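It should be emphasised that the depicted structure is a prediction, and the values quoted were computed from it without experimental measurement.
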Amino acid sequence: MAAKTNLESAGFVCLDNEFSSELLSELCSEAFLKKNDAVPVYGTSQCPYQAHLAGLDKAGIVFLEGGHISKIIEILFGTPLVLEESASCYTYYQPGDFLGAHLDHAEKCVVTVILYLDVVRSDKKSCETGLELHILGKSSSGEDKPQVIIPTKAGSLIIGLGSVNWHKRPTLQDGEFITALTACYSKPLSV
């Protein structure tokens, strides 16, 4: 499976055309409604970032806990994982927003999942863009030279080991906007 090979070599994989247009439309609708509740967030010196976040609602939770996404995760990682609802949300980026180089919290985010719901590109041509996810690898020292650059496209599902592979999103430029469902999965608690 090519996705598993990409995951092993880069730490993240991009899957396109995994979900129906009806499902994506339902999640988009919920995300746009939740945008009214979004709050601005700003990072720390250890993880600089700027964006707006809103909690999940029914459609987002059902999707993230559903069989299709669970099956993808189990195929890629060989083990079932559970959604960390408290570490999952709708994320909204607009011009000037960014996500600095970081690792996700290992206990709550063994696996990172991002589903891009809406992506707006600028009409202006620019050599810089925030419509990319930069995968830096197991060390943040290569921040200027990412190992992998994953373009941000509506409908793309990004899955990766965000707690062991450094990653970042460059600053969004004028006219660039992203609405994403971002989620974390962890190992189930022992019974």
Side-chain angles (χ1 to χ4, degrees), residues 10-43 47-66 68-69 72-73 76 83-105 108-109 111-122 129-135 146 148-163 165-173 175-185:
F12 278 80
V13 65
C14 176
L15 304 172
D16 291 316
N17 306 314
E18 281 295 315
F19 307 105
S20 70
S21 57
E22 293 81 16
L23 174 62
L24 293 172
S25 178
E26 179 184 8
L27 291 169
C28 254
S29 294
E30 181 174 275
F32 284 118
L33 287 173
K34 294 296 290 181
K35 191 171 185 178
N36 295 328
D37 301 330
V39 295
V41 291
Y42 305 95
C47 179
Y49 68 93
Q50 179 177 306
H52 287 75
L53 305 179
L56 299 174
D57 212 340
K58 185 178 178 185
I61 293 168
V62 167
F63 167 74
L64 291 169
E65 290 181 335
H68 190 96
I69 195 97
I72 292 170
I73 289 171
L76 289 173
L83 175 68
E84 286 289 345
E85 193 175 326
S86 65
S88 304
C89 62
Y90 287 111
T91 304
Y92 310 89
Y93 292 101
Q94 58 192 18
D97 289 349
F98 65 96
L99 179 59
H102 71 287
L103 291 174
D104 296 330
H105 191 276
K108 287 196 171 207
C109 209
V111 170
T112 305
V113 172
I114 306 165
L115 176 62
Y116 296 121
L117 298 172
D118 188 50
V119 178
V120 177
R121 300 185 181 289
S122 174
T129 182
L131 302 181
E132 301 173 338
L133 183 65
H134 290 193
I135 311 305
V148 176
I149 296 176
I150 302 173
T152 302
K153 298 183 295 191
S156 291
L157 178 70
I158 310 301
I159 300 179
L161 295 167
S163 60
N165 289 282
W166 288 81
H167 52 288
K168 73 174 193 172
R169 175 171 305 284
T171 303
L172 272 71
Q173 304 301 304
E176 296 181 337
F177 297 86
I178 301 169
T179 300
L181 179 76
T182 56
C184 286
Y185 289 82

Donor-acceptor under 3.5 Å (Thr152 side chain, Leu131 main chain): yes

Would Leu76 and Val111 count as a side-chain contact (heavy atoms from CB on, under 4.5 Å) if you check the C-alpha gap in whole Å, the side-chain angles of each, and the deciding distance to 0.1 Å? CA-CA 10 Å; Leu76 289 173; Val111 170; over 6 Å; no

Between Ser163 and Asp104, is a side-chain hydrogen bond (donor to acceptor under 3.5 Å, both in side chains) present by the stated rule, with each step listed? CA-CA 4 Å; Ser163 60; Asp104 296 330; over 6 Å; no

Once rounded to the nearest 0.5 Å, what's the spacing between atom SG of Cys89 and atom CG of Leu56? 6.5 Å

Please lay out, stage by stage, how Tyr49 and Thr91 fare under the test side-chain contact (heavy atoms from CB on, under 4.5 Å). CA-CA 12 Å; Tyr49 68 93; Thr91 304; over 6 Å; no

So which heavy atom on Phe63 is nearest to which on Phe19, and how close? CE1-CE2, 3.5 Å

Closest contact, heavy atoms only, Lys153 versus Tyr116: O-CB, 3.3 Å

If I compare all heavy atoms of Ile150 with all of Cys14, which pair ends up nearest, and what's the gap? CG2-CB, 3.9 Å

Determine whether Ile72 and Leu157 make a side-chain contact, defined as any pair of heavy atoms from C-beta on separated by less than 4.5 Å. yes

Under 3.5 Å, side chain of Ser25 to main-chain N/O of Ser21, donor-acceptor pair present? no

Side-chain contact test, heavy atoms from C-beta onward, threshold under 4.5 Å: evaluate it for His52 versus Gln94 and give yes or no. yes

Should Lys58 and Glu26 be marked as a side-chain contact (heavy atoms from CB on, under 4.5 Å) after you check the CA-CA gap, both sets of side-chain angles, and the distance that decides it? CA-CA 11 Å; Lys58 185 178 178 185; Glu26 179 184 8; over 6 Å; no

Please name the pair of heavy atoms, one in Cys184 and one in Ala87, separated by the smallest distance, quoted to 0.1 Å. SG-O, 3.7 Å

Does Glu84 reach the main-chain N or O of Cys109 with its side chain, forming a donor-acceptor pair under 3.5 Å? no

Distance, nearest 0.5 Å, that separates CG of Leu27 from NZ of Lys34: 13.5 Å

Report yes if the distance between the aromatic ring centroids of His167 and His134 is under 6.0 Å, otherwise no. no

Find out whether Leu24 and Leu115 are in side-chain contact, i.e. whether some heavy atom of one side chain is under 4.5 Å from a heavy atom of the other. yes

To the nearest 0.5 Å, what is the distance between CD1 (Ile158) and OG1 (Thr182)? 12.5 Å

For the atom pair CD1 (Ile159) and OH (Tyr185), what is the distance rounded to the nearest 0.5 Å? 8.0 Å

With side-chain contact (heavy atoms from CB on, under 4.5 Å) as the test, pick out the partner of Ile135 among Ile149, Leu161, Val148. Val148

Note, Tyr42 side chain near Pro48 side chain (heavy atom, < 4.5 Å): no

Considering residues, nucleotides and ligands other than Asn17, do more than 12 of their heavy atoms fall under 6.0 Å from its CG? no

Which atom names give the shortest non-hydrogen contact between Thr129 and Pro170, and what distance separates them? O-CB, 3.5 Å

About how many Å separate CG of Leu83 and NZ of Lys108, when rounded to the nearest 0.5 Å? 11.0 Å

Walk me through whether Leu64 and Glu85 qualify under side-chain contact (heavy atoms from CB on, under 4.5 Å). CA-CA 9 Å; Leu64 291 169; Glu85 193 175 326; over 6 Å; no

Heavy-atom pair with the smallest gap, counting every atom of Tyr92 and Ala31: OH-O, 2.6 Å

Between Arg169 (side chain) and Leu99 (backbone), is there a donor-acceptor pair under 3.5 Å? no

Rounded to the nearest 0.5 Å, how far apart are CD of Glu132 and CG of Leu172? 10.5 Å

